[in-house]
Amino acid sequence: MDKRILIIDDEESIRKAFSLSLEDAGYEADTAADGFKGLEKLKKGHYDMILLDLKMPGMDGVATLREIRKLHKDLPVYIITAFHAEFFEQLQKATKDGIEFELLRKPIDSDDLCAIVDGVIG
């Protein structure tokens with residue numbers, strides 16, 4: 001069975017770039033344009049890892065992360081964002097609440113992205 005990754009990001013170009021890179025590396029990539037759609041997909045299917053943006057309309061990445069953790073405590077979640085400073089206090093509170101995640105900065109090179117995914121679930 002292929003390893004499945006859910007990409008939750010409001011930017012279509014990011015979703016496409018990440019999907020193409022991961023699929024070329026042998027992973028199955030699924031995408032969602034916002035936190036609500038991402039949670040719907042997570043409830044319906046199995047994923048081995050989530051790549052999550054922070055700054056999204058509707059439900060931001062921190063709120064989405066909190067909901068993900070209610071469903072799956074140990075699922076690897078990598079937040080990939082250019083807005084980490086803007087969300088610093090919220091992320092710090094999530095960490096204090098025992099919510100685990102990793103943080104990566106955009107832009108991220110496709111080779112680096114695939115190397116991280118390989119290291120986590122490969």
**Message:** So for atom CD, which belongs to Glu23, do other residues, nucleotides or ligands contribute more than 12 heavy atoms lying within a distance under 6.0 Å?
**Reply:** yes
**Asked** Between Asp48 and Pro76, is any pair of side-chain heavy atoms under 4.5 Å apart?
**Response** no
**Smallest separation among heavy atoms of Ser21 and Ser110, with atom names** = OG-CB, 3.0 Å
**Any Leu91 side-chain heavy atom under 4.5 Å of Leu103 side chain** = yes
**Prompt:** Do you know which two heavy atoms are closest between Arg4 and His46, and how far apart they sit?
**Reply:** NH1-O, 2.9 Å
**Item:** Pairwise distance CG(Asp74) to CD(Glu100) - rounded to 0.5 angstrom
**Value:** 7.0 Å
**Asked** Going by atom types only, do Asp30 and Tyr47 share a side-chain donor-acceptor pair under 3.5 Å?
**Response** yes
**Fill in**
Taking every heavy atom of Asp34 against every heavy atom of Pro57, the minimum-distance pair comes out as CB-O, 4.3 Å
**Prompt:** Going by an N to O cut-off under 4.0 Å, is there a salt bridge joining Glu12 and Lys16?
**Reply:** yes
**Message:** Taking Val62 as the starting point, is it possible to reach Ile50 by hopping between hydrophobic residues whose side chains are less than 4.5 Å apart?
**Reply:** yes
**Prompt:** How far apart are the C-alpha atoms of Glu40 and Lys43, what are their side-chain angles, what is the distance that settles it, and do they pass the salt bridge (charged side-chain N to carboxylate O under 4.0 Å, His left out) test?
**Reply:** CA-CA 5 Å; Glu40 284 177 25; Lys43 289 175 185 174; over 6 Å; no
**Request:** Give the intermediate values and the outcome of side-chain contact (heavy atoms from CB on, under 4.5 Å) for residues Leu113 and Tyr78.
**Result:** CA-CA 10 Å; Leu113 178 65; Tyr78 276 69; over 6 Å; no
**Message:** Less than 4.5 Å apart, side chain to side chain, heavy atoms only: is that true for Leu42 and Ile68?
**Reply:** yes
**Exercise: identify the closest heavy-atom pair between Leu75 and Met49** = CD1-N, 3.8 Å
**Request:** Please report the C-alpha distance between Val117 and Ile5 in whole Å, then the side-chain angles of each, then the deciding distance to 0.1 Å, and finally whether the side-chain contact (heavy atoms from CB on, under 4.5 Å) criterion is met.
**Result:** CA-CA 9 Å; Val117 172; Ile5 300 159; 3.4 Å; yes
**Asked** Considering only heavy atoms from C-beta outward, does the side chain of Leu39 approach that of Met59 to under 4.5 Å?
**Response** yes
**Item:** Other residues, nucleotides, ligands: >12 heavy atoms within 6.0 Å of Lys93 NZ
**Value:** no
**Prompt:** Are any non-hydrogen side-chain atoms of Leu104 and Thr81 less than 4.5 angstrom apart?
**Reply:** no
**Request:** Tell me whether Phe83 is reachable from Phe88 by hopping between hydrophobic residues (I, L, V, M, F, W, Y) whose side-chain heavy atoms are closer than 4.5 Å.
**Result:** no
**Prompt:** Is it true that a side-chain atom of Arg66 and a backbone atom of Arg69 form a donor plus acceptor pair closer than 3.5 Å?
**Reply:** no
**Message:** For the CG atom of Asp9 and the CD1 atom of Ile79, what is their distance to the nearest 0.5 Å?
**Reply:** 12.0 Å
**Asked** Name the one of Ile8, Leu54, Ile99 that satisfies side chain to side chain contact (heavy atoms under 4.5 Å, CB included) with Leu65?
**Response** Ile99
**Request:** Could you tell me whether a side-chain N or O of Lys41 sits under 3.5 Å from a main-chain N or O of Thr31, the two making a donor and an acceptor?
**Result:** yes
**Item:** Linked, directly or transitively: Leu20 and Ile108 (ILVMFWY side chains, under 4.5 Å)
**Value:** no
**Asked** Is there a side-chain contact between Phe18 and Ile80 (heavy atoms, below 4.5 Å)?
**Response** yes
**Prompt:** Has the side chain of Asp60 got a donor or acceptor atom that lies under 3.5 Å from a matching backbone atom of Lys55?
**Reply:** no
**Test salt bridge (charged side-chain N to carboxylate O under 4.0 Å, His left out) applied to Asp53 and Lys106, step by step** = CA-CA 10 Å; Asp53 188 22; Lys106 283 181 186 172; 3.4 Å; yes
**Item:** Same apolar cluster: Leu6 and Ile121, side chain cutoff 4.5 Å
**Value:** no
**Message:** For the residue pair Lys3 and Tyr27, would you count it as a cation-pi contact if the rule is NZ or CZ under 6.0 angstrom from the ring centre and within 45 degrees of the ring axis?
**Reply:** no
**Prompt:** Going by heavy atoms in the side chains, are Ile7 and Leu22 under 4.5 Å from each other?
**Reply:** yes
**Asked** Just wondering, do Phe36 and Thr64 contact through their side chains at under 4.5 Å, heavy atoms?
**Response** no
